[in-house]
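Just so it is clear: chains get the letters A, B, ... in the order the sequence lines come, proteins before strands, and each one is counted from 1.
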2 protein chains.
Amino acid sequence: MDVAMKRKPSTEATAAWIRLMRVQSRVLDAVEHELKKAGFPPLAWYDALFELSRAPSGELRPVELEKQMLLPQYSTSRLIDRLVDEGLAARRECKADKRGQFVEITDAGRELQKKMWQAYSAAIEKHVGSKLSDGDAVKLCGLLDRLGCSCSEAQPLAVRDVASAR
Amino acid sequence: MDVAMKRKPSTEATAAWIRLMRVQSRVLDAVEHELKKAGFPPLAWYDALFELSRAPSGELRPVELEKQMLLPQYSTSRLIDRLVDEGLAARRECKADKRGQFVEITDAGRELQKKMWQAYSAAIEKHVGSKLSDGDAVKLCGLLDRLGCSCSEAQPLAVRDVASAR
DNA sequence: CGTGATTAAATGCAGTTGCATGAAATAGTC
DNA sequence: GACTATTTCATGCAACTGCATTTAATCACG
């Protein structure tokens, strides 16, 4: 390991880092707050329900969910617990691999997902859409994507996801 | 409230939202992980120490720290607890307003802040700087700033902060 | 096949967060 | 000046997170 690897970032890069952290935090807080105000569960629940709902036959292995959502394993496991407790998903045995299981979204789960999207999409429009032209949104996507894959990659899908199911 | 307020976001805006959430999460995870690997406390500690260190005479009211850091009040209160426990900061009485107090950074605190910046800046360079030209970093800042002030504003300082004290 | 490494998922525990509330000082108002 | 509202900070409690470990099943391969 070369000592020179530890180069200092430029002022511009540092400024971008700070913006990324602060703006994300504010926008996320704002959106989460609106969802909560409307009586909905946290965004993570939506994300999970969304991933399940668009999966073939509405079910996914926990491992897959985990990868889609960038969550640690234990975190996914407990999120599923909660969804199951609330009747939004069900655990199903996996015959092919008995260590594993399938998580299947229920009708109630699908319904909640759709309802949440009403409030969620309105919040996105309010806190992102209304502040940026479509062209600028595309530029922003492009710049962010370049930062994306410092670690693992995952979902190269997200773009068209948006276009379709939501 | 017009019902039409609940307009749907464009595909582009939604894509930007998703990127913002995912990329920030990954980059933050990566940077936090490097700091932890190097045996340092969480980033929030750095931020607090940094804010304190650049404040006049190295002290700040908890309320001010709270605003700078976009943290809830109780969270700041407990963060200060921990800094004090570790001898990185000290609580001092505020004679002008006896409800309040001052939090003052200690020498150990200043030292840790500087040491952390070594690792922190290297991580920023690795996960942000090296992926973006300075020009692109500036563009990214500009786009993010437009999303910034959906709620409260706060630190219009951050830009020059970066240039100076760090 | 048998043995060791790997993968899927759950869980105990300690530490942290969020929420609501409390306690203490100050500000505003009549 | 007494009364209420507000501001500043702390804290009890329940929920949540991270970490390390456990359990169970599959895989790799000699």
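- We find that CG of A:Asp85 is positioned 14 Å from C1' of D:dC16, with the value rounded to whole Å.
- For the OP1/OP2 pair of C:dA9 and a distance below 4.0 Å, the side-chain nitrogens and oxygens of A:Lys98 include no atom meeting the criterion.
- Residue contacts shown for A:Arg78 include a base, since a base heavy atom lies under 4.0 Å away.
- Look at B:Arg82 and B:Asp85 and you find no salt bridge, because none of the NZ, NE, NH1 or NH2 atoms lies under 4.0 Å from a carboxylate O.
- Remark: A:Tyr74 is in phosphate contact with D:dG18, judged by side-chain N or O atoms under 4.0 Å from OP1 or OP2.
- Checking D:dC9, D:dG18, C:dA8 against every side-chain atom of B:Pro62, the shortest atom distance belongs to D:dC9.
- The pair B:Arg26-B:Asp29 does not meet the salt-bridge criterion, since no charged nitrogen lies less than 4.0 angstrom from a carboxylate oxygen.
- Distance from the side chain of A:Asp97 is smallest for D:dA25 among the nucleotides D:dC19, D:dA25, D:dT11.
- Considering only side-chain N and O atoms, B:Arg82 lies nowhere under 4.0 angstrom from the phosphate OP1 or OP2 of C:dG15.
- Rounded to a whole Å, the CZ atom of A:Phe102 is 14 Å from the C1' atom of C:dA9.
- Salt-bridge check for B:Glu66 with B:Arg61: failed, with every basic side-chain N at 4.0 Å or more from each acidic carboxylate O.
- No salt bridge links A:Asp136 with A:Lys131; every basic N to acidic carboxylate O contact stays at or beyond 4.0 Å.
- Between A:Ser77 and the phosphate of C:dA9, there is no side-chain N or O to OP1/OP2 separation shorter than 4.0 Å.
- With hydrogens and angles left out, the side chain of B:Arg99 and the base of D:dT7 share a donor-acceptor pair within 3.5 Å.
- If you find the closest nucleotide of DNA chain D to B:Lys36 and to B:Val63, the one lying nearer the 5' end belongs to B:Val63.
- One interatomic measurement links the two molecules: CG of A:Leu79 to P of D:dA15, which rounds to 16 Å at whole-angstrom precision.
- For B:Arg92 and D:dT8, the CZ to P distance is 19 Å, given to the nearest whole Å.
- Remark: the A:Gln73 side chain and the C:dA10 base include a donor-acceptor N/O pair separated by less than 3.5 Å.
- Distance CG (B:Leu71) to P (C:dT16): 14 Å, rounded to an integer number of Å.
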